Amino acid sequence: INIFRYSTPIFLFSIIASLINTVLNAEKIYGRAELTTFFSGVFSILLVYSFADKIGIYALLLALLNGKILEFILGVLFLKKAGFKFYLNGTKNKLNLNRIFNAYRFTSVYVGFTQIFELLINFSASFLPVGTISLYNYANQLSTKAFTILSGPFSNIFFTECKHKISKQRIDLK
């Protein structure tokens, strides 16, 4: 319970960092999101090696949280450099929540089925010999990282350029 409780700020910083990365890509500021993620990962690894002997498993939480905080700070710096200004705004004028909730509904169904699939895979793998699930998860993470490294920048640039051309009505949607 303590590990979960201490890890909850990581969710907040992950959501904000994800939003910042999306804005950077939408503004055609490419490569900055990947750079912040890289620096965050290196910083996290250094923290784990530095504090693993002293605080045990909590070194992972410390490393993840500080990595996400670093990612947040670098993202804010990149946005400021791009001319963004930050302020709190409590207005709700012209905000159409129906579109957001409709998109959320379909996304939730997809996420729900994906989580059920992962649960079934993990449950089925528990009948395999000891260590098999760890190898499976490790291979799965490696393939996800490889896919992200190879196709992530391409898809970000491609879909951002398509969005800008469509919004300027330079191309037909067909």
Side-chain angles (χ1 to χ4, degrees), residues 1-88 107-108 110-112 114-160:
I1 291 176
N2 283 339
I3 291 175
F4 178 74
R5 185 174 55 194
Y6 295 145
S7 67
T8 51
I10 296 170
F11 297 125
L12 174 66
F13 284 107
S14 295
I15 291 169
I16 294 171
S18 205
L19 186 68
I20 289 172
N21 291 341
T22 302
V23 170
L24 286 171
N25 285 327
E27 291 296 320
K28 296 183 179 183
I29 303 171
Y30 302 118
R32 303 306 192 274
E34 290 78 11
L35 192 63
T36 58
T37 305
F38 172 74
F39 284 133
S40 166
V42 169
F43 185 62
S44 294
I45 290 170
L46 290 174
L47 284 176
V48 167
Y49 280 122
S50 300
F51 292 104
D53 292 337
K54 297 173 188 163
I55 58 177
I57 191 144
Y58 292 102
L60 292 173
L61 291 175
L62 178 73
L64 284 173
L65 180 60
N66 284 311
K68 285 299 176 184
I69 290 171
L70 178 67
E71 196 173 331
F72 169 75
I73 292 170
L74 288 174
V76 167
L77 290 175
F78 285 135
L79 285 176
K80 279 192 171 209
K81 187 177 177 183
F84 281 83
K85 295 182 182 183
F86 302 96
Y87 59 91
L88 292 175
T107 304
S108 297
Y110 168 75
V111 170
T114 310
Q115 293 303 312
I116 290 170
F117 175 73
E118 285 294 323
L119 182 70
L120 290 174
I121 290 289
N122 286 333
F123 175 74
S124 300
S126 66
F127 293 110
L128 296 171
V130 175
T132 307
I133 186 72
S134 296
L135 289 174
Y136 168 77
N137 286 333
Y138 183 70
N140 192 14
Q141 287 177 355
L142 282 178
S143 67
T144 302
K145 289 285 184 192
F147 179 77
T148 302
I149 289 170
L150 296 175
S151 72
F154 170 76
S155 65
N156 283 340
I157 293 170
F158 176 76
F159 288 113
T160 302

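Remember, it's a predicted structure, so these values are computed and weren't measured experimentally. Both backbone and side-chain heavy atoms feed into the values below; hydrogens, waters and symmetry mates do not.
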Legend entry - More than 12 heavy atoms of other groups within 6.0 Å of Tyr58 OH: yes
Legend entry - Greater than 12 external heavy atoms within 6.0 Å of Phe84's CZ: yes
Side-chain polar contacts of residues 61-69 - donor-acceptor pairs under 3.5 angstrom, sequence neighbours left out - could you list them?
residue, atom, partner, partner atom, Å
Asn66, ND2, Leu62, O, 3.0
Lys68, NZ, Glu71, OE1, 3.4

Legend entry - For the student: nearest non-hydrogen atoms of Leu70 and Phe39, plus distance: CD2-O, 3.7 Å
Nearest 0.5 angstrom please: [X] [atom1] to [Y] [atom2], how far?
X	Y	atom1	atom2	result
Thr36	Ile73	OG1	CD1	12.0 Å
Ile20	Leu79	CD1	CG	5.5 Å
Asn21	Phe78	CG	CZ	10.0 Å
Phe72	Leu19	CZ	CG	10.5 Å
Thr8	Phe13	OG1	CZ	11.0 Å

Inset, instruction - For Ile57, enumerate each residue passing the side-chain contact (heavy atoms from CB on, under 4.5 Å) test, keeping only those at least two apart in sequence or located in another chain. - result: Ile3, Leu60
Inset, instruction - For the pair Thr22 (side chain) and Ser18 (backbone), establish whether a donor and an acceptor sit closer than 3.5 Å, ignoring hydrogens and angles. - result: yes
